[in-house]
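Beneath this line is the structure, given in structure tokens, with notes to follow.
Computed from heavy atoms alone, side chains included, the values below leave out hydrogens, waters and symmetry copies. Just so you know, residue 1 is the first one in the sequence shown, and it goes up from there. In listed order, ligands and their atoms are each counted from 1.
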Amino acid sequence: MSEIRILIIEDEQDVIDLLTLNLRKAGFALSTANDGAAGLRKAREESPALIILDLMLPKMPGLEICKVLKTDTATRHIPIIMLTAKAEEIDRIVGLEFGADDYVTKPFSPRELVLRINAILRRGKGEGVEGKKMAIGSITLDPSRHLVAVAGKPVRLTSVEFKLLSMLMQRQGRVQARDRLLNEVWGYESLIDTRTVDTHVRRLRKKLGKAANAIETVRGFGYRIREG
Ligand code: CA
């Protein structure tokens with residue numbers, strides 16, 4: 001079996017130690033970098049399966065590194081989990097602006113982090129949404145080409161937003177509970193924070209513009225795409 005390598009870009013030794021201990025135990029091979037320059041070099045050279053990137057780094061900030069990784073053709077396919085202490089940055093981190101695949105707020109639970117890593121790696125194996133083209137109102141979604149358009153105009157969605165929209169469209173008219181969406185879109189156990197779902201739905205709505213009216217919030221429960 002080939003090893004699954006994770007690159008950790010972090011400058012605090014105690015966090016590196018905590019990550020090293022827990023990720024080794026979970027069966028991953030690890031590389032570490034203490035700053036952005038070393039991190040970018042290792043990401044290109046080693047092509048890790050996933051990158052854990054700290055937001056607060058000396059010299060080059062984590063978000064800047066994230067942006068570079070997500071635009072470089074050599075590294076843009078590598079999923080990134082950001083470590084952050086700033087809850088208010090989350091929308092920007094996982095949004096189109098920086099394009100991280102997920103985030104964990106410090107102080108984090110190593111167990112939760114491992115769950116998230118495994119979920120992202122599973123997602124990457126192409127356990128995506130299959131099926132035929134769908135259309136609801138002015139929104140069209142083509143699973144095979146991974147395309148979404150509103151009134152014929154393509155909309156750029158992250159893989160999570162795409163999967164979320166697919167789930168809702170496939171089950172038009174039926175309310176989807178947050179924990180169910182979390183489970184199916186992210187592959188998390190339901191004990192993990194369902195606010196993640198709200199964050200991504202908010203981003204998705206923004207990108208869909210007026211067409212997002214089709215997505216209804218069912219208070220205290222979840223989301224639904226309205227019928228007809
Ligand atoms: Ca740091």
Out of the candidates Leu7, Leu113, Ile80, only one should pair with Ile52 under the side chain to side chain contact (heavy atoms under 4.5 Å, CB included) rule; please name it. Leu113
Given the options Leu147, Leu204, Val185, Val148, Phe162 meets side chain to side chain contact (heavy atoms under 4.5 Å, CB included) only with Val148
Give a rough value, rounded to 10 degrees, for the angle at the Ca ion (ligand 1) between atoms OD1 of Asp11 and OD2 of Asp54. 120°
Which atom, among the N/O/S set of Glu10, is closest to the Ca ion (ligand 1)? OE1
State, to the nearest 10 degrees, the angle whose vertex is the Ca ion (ligand 1) and whose arms point to OE2 of Glu12 and O of Met56. 160°
Applying a strict under-4.5 Å side-chain criterion to I, L, V, M, F, W and Y, I'd like to know whether Val175 and Val201 cluster together. no
Using modelled atom types only, decide if a donor and an acceptor are shared between the side chain of Asn213 and the backbone of Lys210 within a distance under 3.5 Å. yes
